[in-house]
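Lettering follows sequence order; numbering is per chain, from 1. Not measured: the values here are computed from a predicted model.
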Amino acid sequence: MADVIRIEEVSAHVGETVAIKGWLYLKTGKGKLQFLRVRDGTGIIQAVVFKKDVPAEVFEAARRLSQESSLVMTGTIRADPRAPGIPGGYELGVDDLQIVQVADEYPITPKEHGVEFLQDHRHLWIRSSRQWAILRVRATVIMAIRDWLDSNGYVNVDTPILTPAAGEGTTTLFEVDYFGQPTYLAQTGQLYNEADIYSFGKVYCFGPTFRAEKSKTRRHLTEFWMVEPEVAFCDLDDLMGIEEEFVSHIVRRTLEERGPELGLLERDTSALERVEPPFPRISYDEALEKLAAIRAETQDPVLKEALALEWGSDFGSPHETALTKLYDKPVFVYGYPTACKAFYMEPWPGRPEVSKSVDLLAPEGFGEIIGGSERISDPALLEQRIREHDLPPEAFTWYVDLRKFGSVPHSGFGLGVERTVAWITGTRHIRETSPYPRMLNRIYP
RNA sequence: AGCAGGGUAGCGCAAUGGUAGCGCACCAGGCCGUUAACCUGGGGGUUGCGGGUUCGAGUCCCGCCCCUGCUGCCA
C-alpha cells in the first residue's frame with residue numbers, strides 16, 4: 001500500500017502515489033465525476049474520482065459517501081490552482097477508495113446554524129473548519145507561551161486548583177466539598193507564585209482557573225486557562241517590558257506557524273504584524289483625559305452616556321473599546337485607583353490612592369488580555385490591607401510570612417489564553433476559543 | 001442580576017386571528033471540473049410548556065421554561 005501522508009505536507013508529494021486517511025467534509029457530485037473534500041486533521045484536500053479512471057465499485061463507493069464518512073483513499077497528488085482546501089492548490093486523483101464507515105446523517109451541514117444548536121453539538125462542531133482553525137491557533141499560542149517562558153529563565157511551578165480560601169476576596173468562587181471541609185476551585189495561582197519566586201526567582205503557573213461570576217458576555221467563561229508569570233526583583237516598568245516581549249513573541253509565532261488557519265479565518269494579519277515592542281504606555285489619569293475628549297466629540301448620546309466615568313472607577317467594556325481604537329497595537333494602562341483593584345497591589349510612591357497596577361488592552365476592540373501589578377512587599381502594609389478588605393487574616397498567615405524572610409519588590413501578571421486567542425484569530429465570542437467552553441447556563445457537552 | 005430581541009420540519013427562516021410554507025439536509029433520478037454546484041420528483045409538523053379570550057390562535061392576553069445580544073464583574 002502507498003505511504004500515508006498528512007494533508008498539511010501535501011506540497012512535498014506532488015507526482016507521488018500516496019494514501020490519505022480521513023473524513024468526508026463535503027461532496028459535490030457531477031455525474032461521472034465526484035469531488036470529495038476530505039479532512040485528515042491537518043488540512044483539507046479535494047479528491048477527484050473520475051468514473052472512467054476507477055473500477056465501477058470504487059466509483060459507486062464514492063457516490064454512496066455521506067458527510068463525515070471515514071475513508072482511506074489512494075491516488076496521485078497533483079498541483080491544480082482550481083483545487084480548494086487547506087492548503088489549497090493541490091488535489092488527489094483517486095485510484096482506489098475504501099470506506100471505513102458510512103456516517104449517519106450528519107446534523108451540521110455547510111449551511112447556517114444557530115448558536116444554541118452548534119453549542120449543543122460542540123463534540124461535532126469542533127470538526128468544522130473554522131473551529132478547527134481556531135483550536136489549532138490555540139495550541140500554537142499555548143506552545144509559544146511555554147516556549148518563551150521556558151527559554152527566558154522561568155521555571156514552571158504549577159499551583160493548586162483546590163484551595164482553602166479566596167485568592168482575591170472579590171469574585172465569586174466555586175465551592176467543593178473536600179472531605180467535609182469547604183474548599184474552592186482556584187481563581188488564580190498568584191499567591192502561590194509569590195511563594196515560589198523565593199525559591200526559583202522567576203516562575204510561572206499555567207492551568208485552568210474558575211470563576212463563578214454570573215457573567216453573560218462575549219468575553220467571559222467560568223472555566224478558562226491563564227498563564228501567570230511572577231518575577232522577583234521586578235518593578236512595574238520591568239513588568240511592562242516583559243509583557244510586551246512575551247505578547248509579541250506569541251503573535252509572531254502564530255503568524256509563522258498558522259498562516260493557513262489565519263487565512264481561513266479571514267484574519268487581517270497586517271494588524272498582527274504591527275505587534276512589536278514597544279507598546280504605548282498610558283496612565284489611568286491620561287486614559288481618563290482621552291476618554292473625556294472622545295466623549296466631548298461624539299454625537300452619539302448612547303456612547304456619551306456609556307463613556308461617563310468618575311476618577312476612582314474601573315474601566316468598563318465601552319471604555320476599553322474606545323481607548324484601544326486610538327492605537328494600532330496593544331496598549332498598557334497603568335496606575336489604576338487602589339480602591340478598584342485587589343488588596344495585594346503596591347501603592348504608588350507618594351500617591352496612596354493609586355496602585356502600581358497595569359492592564360494590557362488588545363487592539364481592535366478586543367479589550368483586556370492581561371492584568372498585572374507590583375505586589376506589596378512590606379508585611380505591615382499587607383496586614384493592614386487584609387484588614388481593610390475584610391479578609392480572614394488566618395487564611396493569609398503564610399502569605400504574609402513571605403514578606404518576613406528576604407522580602408523583595410516583585411511583580412507578576414496573568415494572561416487569559418482564550419481572550420488572547422480570540423484577539424489573534426479575530427473571533428468575536430470567546431466560547432469558540434475553548435474546545436468545551438464552560439459558561440453560565442452551559443456545561444454540556 | 002438589569003435592559004432588549006427571540007423559540008414554527010433534523011437545521012436556517014416565512015406565514016392580516018381563517019387549509020402551516022420556503023431553502024438546506026435526507027430519499028429516487030439526471031448531469032465529464034465542482035468551489036455552500038445545478039435540474040426534476042418525493043417523504044418529513046403535538047408551532048417551547050401550562051392556562052385564558054374567540055365560531056376559529058403559530059398569531060391576542062396571563063404565568064413559567066429556554067436561547068441570543070448588550071451592560072455590570074473580570075483574564
J.: It should be established whether N441(A) places a side-chain nitrogen or oxygen under 4.0 Å from OP1 or OP2 of nucleotide C66(B).
T.: no
J.: Please list, for nucleotides 37-45 of chain B, all pairs of protein and nucleotide N/O atoms separated by less than 3.5 Å.
T.:
unit_1, atom_1, unit_2, atom_2, d
A37(B), N7, G29(A), O, 3.2
A37(B), N6, G29(A), O, 3.1

J.: Contact class for P107(A) (heavy atom, under 4.0 Å): base, sugar-phosphate, or nothing?
T.: nothing
J.: Kindly indicate whether the side chain of P337(A), heavy atoms from C-beta on, has any atom under 4.5 Å from the side chain of V354(A).
T.: no
J.: Flag yes if more than 12 heavy atoms outside K325(A) fall under 6.0 Å of its NZ atom; otherwise flag no.
T.: no
J.: Hey, does R431(A) reach any base, or is it just sugar-phosphate, or nothing, if we go heavy atoms under 4.0 Å?
T.: sugar-phosphate
J.: So, is C32(B) syn or anti if syn means the angle is within 90° of 0?
T.: syn
J.: Are any side-chain N or O atoms of S373(A) and backbone N or O atoms of S357(A), one a donor and one an acceptor, separated by less than 3.5 Å?
T.: no
J.: Mapping E91(A) and R419(A) to their closest nucleotides on RNA chain B, which lands nearer the 5' end?
T.: E91(A)
J.: Locate the shortest heavy-atom distance separating E432(A) from Q131(A); write the atom from each residue and the value.
T.: OE1-NE2, 2.8 Å
J.: Going by ring centres under 5.5 Å and near-parallel planes (under 30°), is F224(A) stacked on A75(B)?
T.: yes
J.: Between Y336(A) and Y284(A), how do the two ring planes meet: parallel, tilted or perpendicular, split at 30° and 60°?
T.: tilted
J.: Roughly how many Å is it from NE2 in H429(A) to P in U68(B), rounded to a whole number?
T.: 7 Å
J.: If you measure from the C1' atom in U35(B) to the same atom in U16(B), how many Å do you get, rounded?
T.: 43 Å
J.: Mind listing the residues from residues 113-141 of chain A sitting with a heavy atom below 4.0 Å of RNA chain B? Number order is fine.
T.: H113(A), G114(A), V115(A), E116(A), F117(A), Q119(A)
J.: Quick one: on RNA chain B, does R442(A) or W225(A) contact a more 5' nucleotide (nearest heavy atom)?
T.: R442(A)
J.: Which part of the nucleic acid, if any, lies within reach of I370(A) when heavy atoms closer than 4.0 Å are counted: base, sugar-phosphate only, or nothing?
T.: sugar-phosphate
J.: With rounding to whole Å, what would you report as the distance between G12(B) and G6(B) at their C1' atoms?
T.: 14 Å
J.: Given G33(B), C24(B), A75(B), which nucleotide is nearest the side-chain atoms of T109(A)?
T.: C24(B)
J.: From NZ of K216(A) over to P of C3(B), roughly how many Å is that when rounded to an integer?
T.: 13 Å
J.: Salt-bridged, D147(A) to R253(A), with N to O below 4.0 Å?
T.: yes
J.: Output the residues of residues 45-64 of chain A in contact with RNA chain B, where contact means a heavy atom of the residue under 4.0 Å from an atom of the strand; sort by number or write none.
T.: Q46(A), F50(A), K52(A)
J.: Check every strand shown and say whether S317(A) touches a base, only sugar-phosphate, or nothing at a heavy-atom separation below 4.0 Å.
T.: sugar-phosphate
J.: Between E68(A) and R127(A) (salt bridge meaning N to carboxylate O under 4.0 Å), is one present in this structure?
T.: yes
J.: Any side-chain heavy-atom pair from V94(A) and V48(A) closer than 4.5 angstrom?
T.: no
J.: So what does I369(A) hit on the nucleic acid, given a heavy-atom distance under 4.0 Å: a base, only sugar-phosphate, or nothing?
T.: sugar-phosphate
J.: Any side-chain donor-acceptor pair under 3.5 Å between Y154(A) and E230(A)?
T.: no
J.: I'd like to know if the side chain of T425(A) pairs up with that of T427(A) as donor and acceptor (distance under 3.5 Å, no hydrogens or angles considered).
T.: yes
J.: Would you call E418(A) and R138(A) a salt bridge, taking side-chain N to carboxylate O under 4.0 Å as the test?
T.: yes
J.: In terms of ring plane angle, is the pair H113(A) and F117(A) parallel, tilted or perpendicular, where the classes change at 30° and 60°?
T.: parallel
J.: Just to verify, what does D96(A) make a salt bridge (charged side-chain N to carboxylate O under 4.0 Å, His left out) with, not counting sequence neighbours?
T.: none
J.: For the P atoms, the ones on G10(B) and on U46(B), what distance do you get once it is rounded to whole angstrom?
T.: 8 Å
J.: Choose from C73(B), C32(B), U68(B) the nucleotide whose nearest atom is closest to any side-chain atom of L33(A).
T.: C32(B)
J.: Expressed as a whole number of Å, how far does the C1' atom of U19(B) sit from that of G41(B)?
T.: 24 Å
J.: In whole Å, what separates the C1' atom of C64(B) from that of A9(B)?
T.: 26 Å
J.: What's the CZ-P distance between R78(A) and G33(B), to the nearest Å?
T.: 14 Å
J.: NA contact type, D314(A), heavy-atom cut-off 4.0 Å: base, sugar-phosphate, or nothing?
T.: sugar-phosphate
J.: Given a 3.5 Å cut-off on both pairing distances, which stems involving RNA chain B, each at least three consecutive Watson-Crick or G-U pairs, are present, if any?
T.: B:1-7 with B:65-71, B:10-13 with B:21-24, B:26-30 with B:38-42, B:48-52 with B:60-64
J.: Should the side chain of S215(A) and the base of C74(B) be counted as holding a donor-acceptor pair, with the cut-off at 3.5 Å?
T.: no
J.: Can you list everything that forms a side-chain hydrogen bond (donor to acceptor under 3.5 Å, both in side chains) with T254(A)? Sequence neighbours excluded, please.
T.: none
J.: Counting C-beta onward and ignoring hydrogens, is there a side-chain heavy-atom pair between I242(A) and P229(A) closer than 4.5 Å?
T.: no
J.: How about Y334(A) and D237(A): does a side-chain donor come under 3.5 Å of a side-chain acceptor?
T.: no
J.: I need the CG-C1' distance between L360(A) and C74(B), as an integer number of Å.
T.: 15 Å
J.: Between A75(B), G33(B), U71(B), which one does the side chain of P318(A) approach most closely?
T.: U71(B)
